[in-house]
Amino acid sequence: MSVRVRFAPSPTGMLHVGALRDALFKSLFARHHHGVLILRIEDTDRTRYSPESEAEFISTLKWVGIEFDEGPHIGGPNAPYRQSERKEAGVYQPWIEKLMSLGHAYKAFDTPQELEEMREIQTINKQSTGYYGGVWRDATAEQVAAAEAEGKPYVIRQRIPRDITISIHDAVRGRVEWDSNTIDDPVLIKADGMPTYHFASMVDDHLMDITHIIRGEEWLSSAPKHAALFDAFGWNRPVFVHCPLIVGLDGKKLSKRHGATRVLDYAAQGFMAGPLKNFIALIGWSPGDDREAMSEQELVDAFDISGVQPSPGKFDFEKLKWLNGLAIRAMEPFALLDEITDYLRTPYTLDYFNQLVSDDPKVDPKKIEKALLDLDRAIEKDKPYALEVIKLEQQRVQTLADFGEACAFFFAELPEMDPKAVEKWFGQAHVGQLFDTLIAGCGTTFIDGSDPVDYENALKEFQVTHQIEKLGPIVHPTRVALTGKPTGPGLFELMAVLGPARIKARLLRAKEMLK
RNA sequence: GGCCCGGUCGUCUAGUGGUUUAGGACAUCGCCCUUUCACGGCGAAGAUCGCGGGUUCGAGUCCCGUCCGGGCUACCA
């Protein structure tokens, strides 16, 4: 049978990188084996479900480029794909009845208070907490009938077999076993009639012919319950694959308090889907050789469970930046310009910086937001010019967001001047003459379409005639006059892109600053 | 507390008993390139393979113990 896997999120909040990793591994695995990837929405907890969250999951997954073969947004032979809808359609009812008739499930009429007291007593006595029998596991038919006649609310619990060893063969950890007496009886159907994850997910996995249950390690401890359920029905168990968690710098499972974990935020920060996937894939999985930067296709070709690691991994932001920068540098300028345009026009990009509160004094979100806005306008106004600018900055940025501030001086009427740079380079005696010479050259020596070499020759000529030993004292003041900064692309290249009109205006302003 | 999982440079990892003085990558530092910053190239530093026993001619690799970390312990997923 061909491989069938499912991504079954519970849309109760934002899509974070842990969930992305989960989806990515499944996607890579399905594609590698030419199998099927299903999206199933686990919304059995009606109090926590949010439609906005589901929308974010679907749109983020689309942005990142993970596509499903079946799901609520596209349909498929196993519809519906939302568990609440499946419940309404009566999918689970016959199965819970069958399980009870088989003796593998029973009604339990305990009240929440009774359960709480039970746990308290267990805690005090240093026993493991959980429902290992209570009064209802072994209640007589009469007791149950009486409780039902009273109209008492009840849940349906799974009757975990006692005094046996439950073992699974986990694809990344090997054999894992439990004494079944340490496994409590999980609730399968809640008092409101909704199935729990334990029940709905396993029934659906069986009904949808899921071959591999790939999920995070946090599920390992409930695996024996799930295995026992498959056994109770007499179904073939899927292969269990418990992947290591992505943890925060503190080594703990990723959560909101670990700061930036929302996938959308990475997109807003200018990370591209390709490198992000590449990076995420490398946490907890390795192709087995030294490869790091891999294309989508290489990832699919190389991915398999044998490369999945058992130990948890931390999210190394610096490495993500490196991978992203590598991808930017590898792009064709035209494609890059399109990528940047898409990025700028995604509403969340500007919203993100607008709402961002920086704890780093060197990072000013408002300034980044403005630079991004200016870049968008500049691209619209003069695309060929913007393309030349992008080409020059492509080699020195790591994220799409970096283009904003890196390119700003090209588009500003007159660039913002860095006072330190001005102080350092505008003091020497020849600077006034230098600027005059260059201003005079604009329109004569320098015309639209002049090459970098033309600018280089002119500056070198000035060097010779004024007998200046090095080119630095000429290049640096000119750079500061033109860009406002001491760093940036090669001076001659940027002059050629700027063109004589802009150069002249900037030099005239710089001359004023000499006085 | 109970059950389960994990433990190789700061970080991600290679390594499935012997070509290992433990390899690669990010980050760090140095040199080269160079008009600057990057990029790129070269190089350095950085891991007594958590610790202790054992098995073996030989262990990061197998076994036991121990420590530390983590996950789960809901009518959440």
Side-chain angles (χ1 to χ4, degrees), chain A residues 8-12 42-45 47-48 108 110 112 115-116 119 122-131 153-157 170 172-173 176-179 181-184 186-198 200-201 215-224 242 244-245 247 249-253 279 282-293 306-307 309-323 325-326 329 393-398 406 421 425 456 459 470-476 478-480 483 485-492:
Chain A
S10 180
T12 56
E42 310 260 332
D43 57 350
T44 51
D45 185 350
T47 59
R48 297 203 313 156
D110 312 80
L115 292 176
E116 199 173 316
R119 275 186 222 107
Q122 287 170 329
T123 304
I124 290 167
N125 294 326
K126 298 202 170 183
Q127 294 168 317
S128 44
T129 56
Y131 200 92
Y154 63 89
V155 298
I156 299 176
R157 287 182 184 270
D170 183 84
V172 336
R173 286 149 223 280
V176 183
E177 52 182 47
W178 293 262
D179 175 346
N181 295 334
T182 67
I183 311 296
D184 65 337
V187 171
L188 263 19
I189 303 292
K190 306 180 215 179
D192 65 1
M194 281 298 264
T196 59
Y197 171 91
H198 294 303
S201 212
R215 53 179 19 172
E217 196 201 324
E218 76 241 59
W219 290 105
L220 187 55
S221 25
S222 37
H242 290 99
L245 261 16
V247 298
L249 270 6
D250 57 0
K252 293 196 168 77
K253 190 175 153 184
F279 170 69
L282 259 16
I283 304 178
W285 173 78
S286 154
D289 52 38
D290 287 341
R291 283 182 291 172
E292 301 274 351
S306 57
Q309 254 232 331
S311 56
K314 293 183 178 129
F315 193 95
D316 182 1
F317 196 62
E318 295 304 320
K319 191 161 182 172
L320 206 213
K321 286 200 282 196
W322 168 69
L323 241 18
L326 219 52
R329 272 170 255 134
E393 295 293 352
Q394 184 176 7
Q395 301 303 315
R396 58 201 87 234
V397 300
Q398 289 188 304
W425 292 108
E456 182 171 1
L459 291 188
K470 287 182 166 182
L471 203 53
I474 296 167
V475 164
H476 297 308
T478 309
R479 169 186 298 286
V480 174
T483 73
K485 302 187 297 181
T487 62
L491 180 66
F492 312 130

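Throughout, protein chains are lettered first and strands after them, A, B, ... in sequence-line order, and every chain is numbered starting at 1. Every value quoted in this text rests on a predicted model; they were computed, and no experiment measured them.
Looking at heavy-atom distances under 4.0 Å, A:Val155 makes contact with a base. A:Lys485 comes within 4.0 angstrom of no nucleic acid atom, judged by non-hydrogen atoms across all strands. Within the 4.0 angstrom heavy-atom criterion, no nucleotide atom of any strand lies near A:Asp43. Across all strands shown, A:Thr44 has heavy atoms under 4.0 Å from sugar-phosphate atoms exclusively, and none from any base. Within 4.0 Å of A:Arg291, counting heavy atoms only, lies no atom of the nucleic acid at all. Here A:Gly130 lies out of heavy-atom contact (under 4.0 Å) with every strand. When heavy atoms are screened at a 4.0 angstrom cut-off, A:Pro224 is found touching no nucleic acid atom at all.
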- Audit row: A:Gln309, A:Ser286, side-chain contact (heavy atoms from CB on, under 4.5 Å) steps and yes/no: CA-CA 8 Å; A:Gln309 254 232 331; A:Ser286 154; over 6 Å; no
- Task: Before giving the answer on side-chain contact (heavy atoms from CB on, under 4.5 Å), spell out for A:Leu491 and A:Leu459 the whole-Å C-alpha distance, their side-chain angles and the decisive distance to 0.1 Å.
- Result: CA-CA 10 Å; A:Leu491 180 66; A:Leu459 291 188; 3.6 Å; yes
- List the steps and the verdict of side-chain contact (heavy atoms from CB on, under 4.5 Å) for A:Val172 and A:His242. CA-CA 7 Å; A:Val172 336; A:His242 290 99; 5.7 Å; no
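A:Arg396 has its CZ atom 5 Å from the C1' atom of B:rA38, to the nearest Å. Rounded to an integer number of Å, the gap from CG of A:Asp250 to C1' of B:rG10 is 15 Å. Note: NE2 (A:His198) to P (B:rC72) measures 12 Å, nearest angstrom. Going from atom CD of A:Gln395 over to atom C1' of B:rC37 covers 13 Å, rounded to whole Å. Atom pair A:Trp219:CH2 and B:rC76:P shows a separation of 12 Å (rounding to whole Å applied). As rounded to whole Å, 16 Å separates atom P of B:rA74 from atom CG of A:Leu188. Remark: C1' of B:rU35 and CG of A:Leu491 are 7 Å apart, rounded to the nearest angstrom. Nucleotide B:rC37 holds its P atom 9 Å from the CZ atom of A:Arg479, rounded to whole Å.
Residue A:Lys253 places none of its side-chain N or O atoms closer than 4.0 Å to OP1 or OP2 of B:rG70. At B:rC75, one or more side-chain N or O atoms of A:Arg119 fall inside 4.0 Å of OP1 or OP2 (strictly under the cut-off).
The base-pairing partner of B:rG40, taking Watson-Crick or G-U wobble contacts with both distances under 3.5 Å, is B:rC32. Base pairing of B:rG18 is made with B:rC57, judged by Watson-Crick or G-U wobble geometry with both donor-acceptor distances under 3.5 Å. The partner of B:rC68 is B:rG6, by the rule that a Watson-Crick or G-U pair needs both atom distances under 3.5 Å.
The gap from the C1' atom of B:rU20 to that of B:rC39 amounts to 34 Å, rounded to the nearest Å. The gap from the C1' atom of B:rU56 to that of B:rC72 amounts to 39 Å, rounded to the nearest Å. Atom C1' of B:rC9 sits at a distance of 36 Å from the matching atom of B:rU73, rounded to the whole Å. Straight-line distance between the C1' atoms of B:rG52 and B:rG10: roughly 26 Å, to the nearest whole Å. B:rG15 sits 42 Å from B:rA74 when the C1' atoms are compared, rounded to a whole Å. On the C1' atoms, B:rC76 is 49 Å away from B:rC29, given to the nearest whole Å. For B:rG17 and B:rA59, the C1' atoms lie 6 Å apart once the distance is rounded to whole Å. Here, B:rU34 and B:rG18 have their C1' atoms 49 Å apart, quoted to the whole Å.
Contacts of A:Trp322 classified as ring pair (Phe, Tyr, Trp, His ring centres under 6.0 Å), with partners at least two apart in sequence or in another chain: none. With sequence neighbours excluded, the residues that form a salt bridge (Lys or Arg N to Asp or Glu O under 4.0 Å) with A:Lys321 are A:Glu318. With sequence neighbours left out, the ring pair (Phe, Tyr, Trp, His ring centres under 6.0 Å) criterion links A:Tyr131 to no other residue.
A heavy-atom distance below 4.5 Å is not found between the side chains of A:Val187 and A:His198. At a threshold of 4.5 Å between non-hydrogen side-chain atoms, the residues A:Arg396 and A:Pro489 count as touching. Contact annotation: the side chain of A:Glu292 never approaches that of A:Leu326 to less than 4.5 Å [non-hydrogen atoms, C-beta and beyond]. Contact annotation: the side chain of A:Asp45 never approaches that of A:Thr12 to less than 4.5 Å [non-hydrogen atoms, C-beta and beyond].
Between A:Trp219 and A:Tyr197, the ring planes are parallel. Angles under 30° get that label, and only those over 60° would be called perpendicular.
Looking at A:Asp179, its side chain does come within 3.5 Å of a backbone N or O of A:Asn181 through a donor-acceptor pair.
Using a 4.0 Å cut-off between a side-chain N of Lys or Arg and a carboxylate O of Asp or Glu, A:Asp250 and A:Lys252 do not qualify as a salt bridge.
Of the candidates B:rC75, B:rG10, B:rC37, B:rC37 carries the atom nearest the A:Thr487 side chain, counting heavy atoms from C-beta on. Among B:rC26, B:rG70, B:rC75, the nucleotide with an atom closest to any side-chain atom of A:Asp316 is B:rC26. The side chain of A:Lys319 approaches B:rA25 more closely than any other nucleotide in the set B:rG71, B:rA25, B:rC75. Distances were taken from every side-chain heavy atom of A:Arg48 (C-beta onward) to each of B:rA77, B:rC26, B:rC75; the shortest belongs to B:rA77. Here the side chain of A:Leu245 is nearest to one of B:rU35, B:rG71, B:rC12, namely B:rG71. Of the candidates B:rA77, B:rU35, B:rG10, the closest approach to any side-chain atom of A:His476 belongs to B:rU35.
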Between protein and nucleotides 1-5 of chain B, what N or O pairs are separated by less than 3.5 Å?
unit_1, atom_1, unit_2, atom_2, d
B:rG1, O2', A:Lys126, O, 3.0
B:rC5, O2', A:Arg173, NH1, 2.4
B:rC5, O2', A:Glu217, OE2, 3.2

Find every protein N or O atom lying less than 3.5 Å from an N or O atom of nucleotides 13-16 of chain B, and list the pairs.
unit_1, atom_1, unit_2, atom_2, d
B:rU13, OP1, A:Gly284, N, 2.4
B:rA14, OP2, A:Gln309, NE2, 3.1

List, with names and distances, any nitrogen or oxygen atoms from the protein found under 3.5 Å away from nitrogen or oxygen atoms belonging to nucleotides 40-45 of chain B.
unit_1, atom_1, unit_2, atom_2, d
B:rG40, OP1, A:Arg329, NH1, 3.3

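With values rounded to the nearest 0.5 angstrom, A:Gln395 atom CD is found 7.0 Å from A:Arg329 atom CZ. Here A:Ile283 contributes atom CD1 and A:Leu320 contributes atom CG; the two are 8.0 Å apart, rounded to the nearest 0.5 Å.
Residue whose closest nucleotide on RNA chain B sits further toward the 5' end, between A:Phe315 and A:Asp184: A:Phe315. Toward the 5' end of RNA chain B, the nearer of the two residues A:Phe492 and A:Ser222, judged by each one's closest nucleotide, is A:Phe492.
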